[in-house]
S.K.: 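Handing you this structure, nothing more for now.
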Amino acid sequence: MKFKKSALYLLALTAIFGQMACTPTDLSKENIIPKPVSVVPTGDSFDLTDQTDIYVQGESAEQLQIGQYLADKLNPSTGLGIEVKTTSEVPASGNIYLSLSENDTELGDEGYELTITEKLVNLTARKPAGLFYGLQTIRQLLPSKVELATAQQGPWKMATGTIRDYPVYGYRGSMLDVARHFFEVEEVKSLIDQLAAYKMNVLHLHLSDDQGWRIEIKSWPNLTTHGGSTEVGGGPGGFYTQEQYSDIVKYAQDRFITIVPEIDMPGHTNAALASYPELNADGKATELYTGIEVGFSSLDTHKEITYKFIDDVIRELAALTPGQYIHIGGDESHSTKIEDYIPFINRVQDIVIANGKQVFGWDEIALSTLKPNTVVQYWAKAENAIKGVEQGAKVLMSPSKNAYLDMQYDSTSTFGLHWAAYIEVDKGYNWDPANLVPEIKRENIIGIEAPLWSETVSNRYEAEYLIFPRLLGYAEIGWTPVELRNWDEYKVRLANHGERMKAMNISFYPSKLVDWEGTGKK
Ligand code: IFG
């Protein structure tokens with residue numbers, strides 16, 4: 001009898017402490033990435049229960065879709081059967097309430113205010129994007145098992161308090177090179193989901209290069225039937241039909257992510273040159289290429305057919321791209337004379353603008369005369385980016401020594417290159433875009449982009465080894481004021497995202513610099 005009583009006591013204590021242990025009450029102790037601008041805890045917790053629903057103010061389809069996005073993220077793991085409803089006033093307690101109001105100008109177009117009390121989760125924003133980013137924070141305030149696809153034990157509690165949050169930069173992106181190795185639509189969609197979870201809002205797709213042409217162009221079909229038929233290493237390659245590309249664009253748009261498509265030129269064009277003899281100076285098609293050299297190809301900048309080709313490609317691509325930008329590449333044109341390169345880039349800018357879009361290009365394009373809205377993507381030569389600034393252009397910061405996701409973490413990394421640098425997780429985090437190059441100031445910078453070149457990776461698993469966990473740091477650099485950023489504090493939050501990334505089925509690199517077990521060892 002005595003034994004039984006003490007066992008019961010033990011069981012009761014475990015239940016109480018267990019309950020307390022997973023009852024979060026200090027909002028300032030949460031591990032939100034990107035770190036919010038301000039967090040004011042009120043020391044209690046809110047319970048998601050099977051009575052909880054998501055109420056959306058008004059009838060807008062977009063807000064209902066945002067509410068449904070959250071319900072779809074929470075229901076599989078919580079099993080609470082959360083529904084999305086419309087309301088004209090604040091809902092009863094125990095619910096989540098999403099509403100828009102133009103008044104709070106400090107929040108801008110992407111900011112939000114999340115007020116959690118014991119009774120209500122109240123998310124407000126000026127624009128739908130702000131609501132969407134507030135949802136990402138709600139996800140991170142729940143236990144990481146909320147990201148699992150199968151039903152988990154509760155409770156589902158969130159600490160109470162108020163979070164006011166809004167981004168520093170408007171352009172917070174990544175790039176996927178689908179030309180060196182082709183990535184299927186579903187693999188691109190999973191990256192889009194991951195970018196959205198960390199409040200990133202641009203995916204740049206590098207759609208053409210020496211090794212492959214990946215987007216169907218109906219007026220030049222051989223670009224994909226021939227130019228898309230292989231990849232680095234000689235694999236089968238592949239391409240997106242225009243329908244598949246539009247599916248990717250819509251999937252991204254529904255997650256407030258803009259697709260920036262890139263057709264690299266005049267260099268990095270062997271796939272096109274192999275597909276159409278008439279594009280070559282000597283009238284002969286080149287062989288398909290499956291290596292990883294760069295700088296050996298060039299369109300013939302003297303042939304008129306080259307500009308008809310470009311106009312056809314840009315016209316079809318622009319019609320598929322709701323975003324304002326088309327990226328024309330312009331990098332490593334080592335086989336194009338500079339006296340040919342400059343007029344070529346000038347003319348291609350005119351073609352893009354004539355098709356209703358604005359121009360992005362790698363920093364070499366600053367050697368040409370930049371059109372008013374052309375953006376220079378700084379990757380290698382600061383002097384090129386500075387030339388862009390001197391012409392009044394905005395700069396997108398993708399410094400290869402800090403932000404190239406295809407750089408190895410260290411010399412033991414399974415995938416990646418190291419021509420620019422080894423980039424461990426701390427080096428990828430410890431820099432400030434506005435203080436990297438003195439002549440490139442905060443007001444010249446539209447944001448940050450972390451590119452993944454795919455010479456050494458050919459599928460989602462391998463890509464995630466390079467992308468994660470470094471992408472979380474780039475997301476924070478793009479969103480959080482630099483005054484609030486500090487590696488020693490960030491790495492503790494990052495460690496807590498290990499479980500969350502596992503639950504999201506992300507195969508991240510377990511950097512030795514991060515105490516993923518939370519034992520305080522490192
Ligand atoms: N530089 C090339 C990429 C790719 C990269 C690999 C740019 C703008 C090296 N151009 O980065 O095509 O090969 O790290």
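Counting convention: from 1, in listed order, for ligands and their atoms alike.
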S.K.: Among all protein heavy atoms, pick out the one at the shortest distance from atom 10 (N) of ligand 1; state its residue, atom name and that distance to 0.1 Å.
M.R.: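 That would be Asp331 OD2, 2.8 Å.
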S.K.: Between Trp379 and Tyr404, how do the two ring planes meet: parallel, tilted or perpendicular, split at 30° and 60°?
M.R.: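 Plane angle under 30°, so parallel.
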S.K.: In the structure I gave you, are the side-chain heavy atoms of Glu262 and Leu205 within less than 4.5 Å of one another anywhere?
M.R.: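 Not in contact.
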S.K.: Tyr276 vs Trp220, test: ring-ring contact (aromatic ring centres under 6.0 Å, His included). Steps then yes/no.
M.R.: CA-CA 9 Å; Tyr276 287 97; Trp220 297 73; 4.8 Å; yes
S.K.: Purely on distance, is any nitrogen or oxygen of Trp362 under 3.5 Å from one on ligand 1?
M.R.: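 Checking ligand 1 against Trp362, no N or O pair falls under 3.5 Å apart.
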S.K.: Pairs of nitrogen or oxygen atoms closer than 3.5 Å, one from His206 and one from ligand 1: do any exist?
M.R.: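 So ligand 1 has no N or O lying under 3.5 Å from an N or O of His206.
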S.K.: Atom 9 (C) of ligand 1: which protein heavy atom is closest, and how many Å away?
M.R.: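 Result for atom 9 (C) of ligand 1: Trp419 CZ2, 3.7 Å.
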S.K.: Could you point out which residue of Arg255, Arg139, Arg460 forms a salt bridge (Lys or Arg N to Asp or Glu O under 4.0 Å) with Asp193?
M.R.: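 Answer after filtering Arg255, Arg139, Arg460: Arg255.
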S.K.: What do you reckon, does His268 put a non-hydrogen atom under 4.0 Å from ligand 1?
M.R.: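 A heavy atom of His268 does come that close to ligand 1.
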S.K.: At what distance is the nearest protein heavy atom to atom 6 (C) of ligand 1, and which residue and atom is it?
M.R.: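 Answer for atom 6 (C) of ligand 1: Asp406 OD2, 3.2 Å.
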S.K.: Which of the atoms in ligand 1, numbered in the order shown and given with their element, are less than 4.0 Å from a heavy-atom of Arg180?
M.R.: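 In order of number, 3 (C), 4 (C), 12 (O), 13 (O).
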S.K.: What I want to know is whether Trp379 and ligand 1 share at least one N or O pair that is separated by under 3.5 angstrom.
M.R.: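 Between Trp379 and ligand 1 (N or O atoms, distance only) the closest approach is not under 3.5 Å.
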S.K.: Test Tyr133 against every option in Trp479, Tyr198, Tyr69 by the ring-ring contact (aromatic ring centres under 6.0 Å, His included) rule and name the one that passes.
M.R.: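 It is Trp479, the one option of Trp479, Tyr198, Tyr69 that forms the ring-ring contact (aromatic ring centres under 6.0 Å, His included) with Tyr133.
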S.K.: With a 4.5 Å cut-off on side-chain heavy atoms, are Tyr240 and Asp247 touching?
M.R.: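 No, side chains not in contact.
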S.K.: What residue and atom, counting heavy atoms only, is the protein's closest point to atom 11 (O) of ligand 1, and at what distance?
M.R.: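 Looking only at protein heavy atoms, the one closest to atom 11 (O) of ligand 1 is Tyr404 OH, 2.7 Å.
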S.K.: Considering only the protein, which heavy-atom contact is closest to atom 13 (O) of ligand 1, and what is its distance?
M.R.: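 Of every protein heavy atom, Glu455 OE2, 2.5 Å lies nearest to atom 13 (O) of ligand 1.
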S.K.: Hey, which atoms in ligand 1 end up nearer than 4.0 Å to a heavy atom of Met407?
M.R.: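 Near Met407, meaning under 4.0 Å from one of its heavy atoms, ligand 1 has 14 (O).
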S.K.: May I ask you to decide whether Lys387 forms a salt bridge with Glu390, counting only side-chain N to carboxylate O separations under 4.0 Å?
M.R.: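 No, Lys387 and Glu390 are not salt-bridged.
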S.K.: Does Glu304 pair with Lys308 as a salt bridge, N-O distance under 4.0 Å?
M.R.: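 A salt bridge is absent here (no side-chain N lies under 4.0 Å from a carboxylate O).
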S.K.: Which protein heavy atom lies closest to atom 1 (N) of ligand 1, and at what distance to 0.1 Å?
M.R.: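 For atom 1 (N) of ligand 1, the nearest protein heavy atom comes out as Glu332 OE2, 3.4 Å.
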